[in-house]
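In what follows, a structure is listed as C-alpha cells, so that the remarks can point back to it.
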Amino acid sequence: MSDPVGKLPSELDQLPDRDTEETAEWAASLDAVAQAAGTRRAEYLLRRTLQHAEAAGLALPKLLETDYVNTIPTSAEPEFPGDEAMEAKITAWNRWNAAAMVTRGSKYGVGGHIATFASAAWLYETGFQHFFRGKEADGSGDQLYIQGHASPGIYARAFLDGRISEQQLDNFRQESGGNGLPSYPHPRRLPWLWEFPTVSMGLGPLSAIYQARFNRYLQNRSIKDTANSHVWAFLGDGEMDEPESTAALALASREQLDNLTFVINCNLQRLDGPVRANFRVVQELEAQFRGAGWNVIKSLWGSAWDELFQLDTTGALVRRLREVPDAQFQTYATRDVAYIRQHFFGADAELVALGALLTDAKIAECFHSSRGGHEPRKVYAAYKAALEHKGAPTVILAQTVKGYTLGAGFESKNANHQMKKLTIDEFKSMRDKLDLPIPDSAFADGQVPYGHPGANSPEVQYLNERRAALGGPAPARKVKHVALPAPADRSFAPLLKGSGKQEMATTMAFVRLVKDLMRDKETGKRWVPIVPDEARTFGMESLFPSAGIYSPLGQTYEPVDRDQLMYYKEAKDGQILNEGITEAGAMADFIAACTSYATHGEPMIPFYIFYSMFGWQRTADQMWQLADQLGKGFIVGATAGRTTLTGEGLQHADGHSHLIASTNPASLNYDPAFAYEIAVIVKDGLRRMYGEQPEDVFYYLTVYNEPKVQPAMPEGVEEGILKGLYRFNQASDLENAPAADATKIQLMASGTAIHWILEAQKLLAAEWNVAADVWSATSWGELRRDALECDEALLRGEVRTPYVTRALEGVTSPVLAVSDWMRQVPDQISQWVEQDYTSLGTDGFGLSDTREGARRHFGVDAQSIVVAALAQLARRGEVPASAVKEARERYGL
C-alpha cells in the first residue's frame, strides 16, 4: 500500500499512524497552499504553526531560527516608564566623555577603545535607569558583567554621578602615579567599582552562568536569599567565538537559570573585520542558544523600519534580510542610498517595487543607523521580557552599529577597534549630533574638553533618583567583612598525631581533614567541595551521602547504588558541586564561591580538587581571573607530581603546575610532604583568608596518591611549615648514624620526594659514610616570595635577610634539592642559598611506567639521589671521584 503523504522521516516510521486519513488531509492542505499561493506562503504557514505549537507548550522540536526581525514587534512593546528625552541627554554626556577620555589619553600612547561603547551605550543606560539593582537594595543586588572594551562608558557614567573625578578620567590607563583608572574592569585595581574582571574573552560568559548557578546554590542551601539577584552579562558577538563563551549554555538551561540574562551586542564586527563576513552571526547565535534551551529575544531593527515591514506584503523584505551576509550589511551602513537601492532592493522585482515607495531619507535612516540596540524603547521591551520569562535563561541579541554617533569616519569601519581618537572637527560634529551645550571656545587649546551638566543639573538629579530607586550606584563592589570563627582544634588533631603504622596518601589526609571541618557547627556549612568528576579517584565518595551532591531538582531517580553505604546522593541542598568533566566549569564555580564574601556578604570556604595537571595547565587564565577578582579558597592539585601516577603517561604526568602557579601573585603555593603539614597550612589559610584581618589571597596545595606512613608533627616546626622550610631530621638521629666526622650534605625535598631523600639519607650513611640532614621544603614559592620582598626592601634602604638564608645559617655543607617537579621549581630559591646548591627534578615529558621505573628514568629515586650527592661532594673534593663511579655501577645507573 502506498503512503499518500510520501516517505516519512525514519524516526516517525516507528510511530503508528492512528488516523492516516487525517494525516493525508493535513499534507494535502499544505500541497494546496504551495500550489495556489507559492512555496514561500507554505513555508510561512509552517513556521507560524510551529511557533504557535511551541508557545502552546506542545512537545515538538523547536525552530532553531526565526525570521531576521525583532522578536517583540512595535505594537507589543510595553509603555516606556522613563523620561526618554532626559535619558537621551545623560547618554549623550556619557558618549562624549567616553570618547574624550580615550582621545585625551592617546597623546600618551596608552590606547583605549571608543567604538564598542558607542554602539552599546543604550544597552547599558537602559539597564542603569530601569533594571540593574544596586547593592543597597534588599538582598545582594544584581551582578553585572560589563564588556571589557566598554569600560570608558562606565567610567564616563561614574564621572557624571560624581564617583570619579576629572583627574581620574585623565589618568585612564595611567595607574602607577596613583588616582588612575585601569583599562578594563578589574576588582583588584578598582575594588569599589568593579565586581568582575571580564576582558579575558570568553571567561565573562562562562563565569556569569556559574555565578547565576551559585546564587541558586546559596538560596537552596538557605545561606542567602538571592531570589531578587539577577545576573547580567554584556558580551560582544565576536567574543562568542571563544569556546568558553558557550561551554555551559546547556547547564544554564538544564538548571532553569531564569536569573540570568546575556546581552550580546551584535554590531557584526570583531577586532579586525566582520564576525561572520559571509554568514549571519545573529541567526547563528539564535540557533545555538535556542538549541541549548535558552529563551532568545532579537532586537534588531529600530522604529524607522516599521514602515518598511508594513509595506512588505509579500515577505520579500524579510527574505532578503535573511539572505544578506553580515559583511554586506556592514557595507550598506557606509554607502549612499543609490548603492543600497541597487544592491539591496534590486535583488528582485518585489523589492524594487518596495524601494520605490521609500524616500532616500527613509532608506538612509534605516540602513545607516536605525537598529534595535540604539533605541531605549526597544531595549526596555527586551529587558522587561527577559525578566518576565521563567524557566530558562534569556539571551538578547541586540543589533547595533559599531562606532555609532562617532561620525562617518568611525561607524562600521573595519579598523574602528584600533582607532583611538577623534579629531577636533569630528568632536564638533559629534557634539552637534548629540546636541550637547559645549561651545567652540572650549576647544581653544586644541584639546577636547570633558563635559558635565553640573552636580545639581536635572540630568544628574534624574540619574541619582533612578539609582536610588534601584538600590544605589552601579556597578559597585561592596565588602562587609564577616570574620569566620576558627574551627576547633580537634578537627586537625588526627593529622597532627600521624597515622601510626597505617599508610595514608596525603590526598586522603586532606579529604579526611575537610570531612571533619565540614562537621564544624560554626563554619561547616560554608565549605564548598568542588570536583570535576573525579571524586572517587580522590577518595571523596564518603562525602556523597553525608554532604550530598547539589542538584536544583534533588534526586528524581533511585540511584543504582542506593543499597550501599556511600551511595550517589543528589539533593537540592547538597553541598558538593560535582561538575562533570569540565575543569573550566569547576573553576568558574570556584570563583563564584571564592568571591561570595563580596558578592553576597557571605564568606564561603571552597576547595577545588583537580586531577594531575588539569588545573593550572588547562585553566591558568581563570586562576588569574580568580586573583583579579580577589577570590579566597583552596585549590588542591591531587595526584600531583610527575611520577606518582603509575602508568598514566605523559598526558597526565604533572611536573610543571607549581611553576605556572608561581607566576600568580595571589597564589600561595605549598607542596606538603606529610599530613601534619597539610593540617598546619589549612589552619593558617583559614586564618589568613577568613579571620579578623583577611587577605586577598588563595592557596594552592599539591597532594599525592602514594600511601605512606604519616609521622607525628615534630615540635617547633609550625613556622617553618608556613614559611616554606624546616629541618625534618638530622643524620645523627638515624639508628645507624654515620661517624661524627663524616662528610656532610643537606638533602631538601618537597611533597612525595621527601620519602626518596629519607631513603637516600640511610643509603648515604650506611654505604658511603656521608651524613645527610633532611629538610622539608613545604613551599619553594613562599621562600622565593619572602626573598623577593627582602630584595625590594633593600631598594628602600631596609636590610632584611630572607628566611631561607636564615634557616640555613651556620650550615657549611652543600645543599641538594629534590622534587617531583621540574628543576625550575626548587631552583626558584637558589640565588638566596649561600651554600653550594644544586637540584634534581623531573624535566621532560612523562612516560607510562611504575613509580619506581619513572623515578629511575628521571634520576630522582633514592639511588640516583645518592649518586648526585656524591658527585656534588666530589666536585668539592670531599669524597673521591671514584666513589661516584662506584655508586653508579652499584645501583645500575
Side-chain angles (χ1 to χ4, degrees), residues 135-136 140-141 187-195 214 218 221 223-224 476-493 495-496 510 513-514 516-529 575 590-608 626-636 664-670 672 676-701 713 716-724 778-779 781-782 785-786 789 793 800 803:
K135 302 301 180 185
E136 297 167 10
S140 305
R188 188 169 285 274
R189 299 306 308 165
L190 206 60
W192 59 268
L193 180 71
W194 298 120
E195 248 188 321
F214 192 74
L218 293 175
R221 291 194 56 217
I223 291 174
K224 180 66 180 283
R477 179 179 182 270
K478 299 189 73 171
V479 177
K480 188 176 181 180
H481 175 56
V482 177
L484 298 182
D489 288 341
R490 63 176 177 271
S491 298
F492 303 95
L495 270 60
L496 297 178
F510 177 81
L513 173 61
V514 171
D516 286 342
L517 291 170
M518 287 171 65
R519 296 192 184 105
D520 186 86
K521 291 182 179 180
E522 295 289 338
T523 60
K525 69 177 182 179
R526 297 190 178 274
W527 283 87
V528 185
Q575 198 163 354
F590 184 66
I591 293 170
C594 285
T595 55
S596 180
Y597 74 95
T599 308
H600 294 291
E602 294 289 345
M604 304 299 287
I605 313 173
F607 76 89
Y608 161 42
L626 169 66
D628 291 346
Q629 206 167 315
L630 289 76
K632 311 171 194 290
F634 296 95
I635 295 174
V636 183
N664 193 308
S667 180
L668 308 185
N669 310 314
Y670 285 90
Y676 68 77
E677 294 177 351
I678 292 173
V680 171
I681 293 165
V682 170
K683 184 176 183 180
D684 196 62
L686 293 173
R687 178 190 64 82
R688 291 182 65 176
M689 293 187 291
Y690 303 99
E692 293 295 337
Q693 296 179 317
E695 300 176 47
D696 296 323
V697 295
F698 62 91
Y699 278 65
Y700 169 49
L701 279 71
M713 185 173 71
V717 299
E718 289 92 337
E719 181 188 22
I721 291 172
L722 298 175
K723 288 188 176 295
T778 55
S779 179
E782 284 305 286
R785 192 192 306 267
D786 170 77
E789 290 173 357
R800 290 167 46 189
Y803 175 81

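What's counted below: heavy atoms across the whole structure, side chains too, no hydrogens, waters or symmetry copies.
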Checklist line | NZ/NE/NH1/NH2 to OD/OE distance under 4.0 Å, E195 and K135 | finding: yes
Notebook entry, point to check: Is a side-chain N or O of R221 found less than 3.5 angstrom from the main chain of K525, in a donor-acceptor match?
Noted result: yes
Next item on the list: Kindly give the heavy-atom pair with the smallest separation between A598 and V479, and that separation in Å.
Entry: CB-CG2, 3.7 Å
Next item on the list: Spell out, as yes or no, whether a donor-acceptor pair under 3.5 Å connects the side chain of S779 to the backbone of N669.
Entry: yes
Item checked: Spacing of CD belonging to E677 relative to CG belonging to L496, to within rounding of 0.5 Å -> 11.0 Å
Notebook entry, point to check: So which of F510, F590, Y700 actually passes ring pair (Phe, Tyr, Trp, His ring centres under 6.0 Å) with F607?
Noted result: F510
Next item on the list: Give a yes or no on whether the backbone of W192 and the side-chain of K478 come within a donor-acceptor separation of less than 3.5 Å.
Entry: no
Checklist line | Minimum side-chain heavy-atom gap L190-R477 below 4.5 Å | finding: no
Margin query: Ignoring hydrogens, what is the shortest heavy-atom contact between P694 and H481? Give both atom names and the distance.
Written below: CG-CE1, 3.2 Å
Next item on the list: Return yes if some donor-acceptor pair links the side-chain N/O of Y690 with the main-chain N/O of K632 below 3.5 Å, else return no.
Entry: yes
Item checked: L668 CG to E782 CD distance, which is reported to the nearest 0.5 Å -> 4.5 Å
Checklist line | C594 and F698, any side-chain heavy atoms less than 4.5 Å apart | finding: no
Check: Going by the angle between their ring planes, with limits at 30° and 60°, are Y699 and Y670 parallel, tilted or perpendicular?
Finding: parallel
Margin query: Nearest 0.5 angstrom please: Q693 CD to R687 CZ, how far?
Written below: 9.0 Å
Margin query: Ignoring hydrogens, what is the shortest heavy-atom contact between L686 and P487? Give both atom names and the distance.
Written below: CD1-CG, 3.7 Å
Notebook entry, point to check: Is a side-chain donor or acceptor of K224 paired with a backbone partner of H600 at a separation under 3.5 angstrom?
Noted result: yes
Next item on the list: Taking all heavy atoms of A593 and all of M604, pick out the closest pair and write down the distance.
Entry: O-CB, 3.7 Å
Next item on the list: Would you confirm whether Q575, through its side chain, and G524, through its main-chain N or O, come within 3.5 Å as a donor-acceptor pair?
Entry: yes
Next item on the list: Locate the shortest heavy-atom distance separating P603 from V482; write the atom from each residue and the value.
Entry: CG-O, 3.7 Å
Item checked: Lys/Arg N to Asp/Glu carboxylate O, D520 vs R526, below 4.0 Å -> no
Next item on the list: Please round to the nearest 0.5 Å and tell me the distance separating atom CG of L495 and atom CG of L513.
Entry: 5.5 Å
Next item on the list: Answer yes or no: are there more than 12 heavy-atom neighbours, outside R189 itself, under 6.0 Å from its atom CZ?
Entry: no
Note to self: How long is the straight-line distance from OG1 of T599 back to CD1 of I591, given to the nearest 0.5 Å?
What the structure shows: 11.0 Å
Note to self: On a heavy-atom basis, which atom in A483 and which in G691 lie closest, and how many Å separate them?
What the structure shows: CB-O, 3.7 Å
Next item on the list: To the nearest 0.5 angstrom, please state how far the CG atom of L626 sits from the CD1 atom of I635.
Entry: 5.5 Å
Note to self: Side chains of T595 and Q629: any donor to acceptor distance under 3.5 Å?
What the structure shows: yes
Item checked: Among V680, V682, I681, side-chain contact (heavy atoms from CB on, under 4.5 Å) partner for I678 -> V682
Notebook entry, point to check: Under 4.5 Å between any side-chain heavy atoms of M689 and I605, yes or no?
Noted result: no
Check: Is it true that a side-chain atom of R688 and a backbone atom of V697 form a donor plus acceptor pair closer than 3.5 Å?
Finding: no
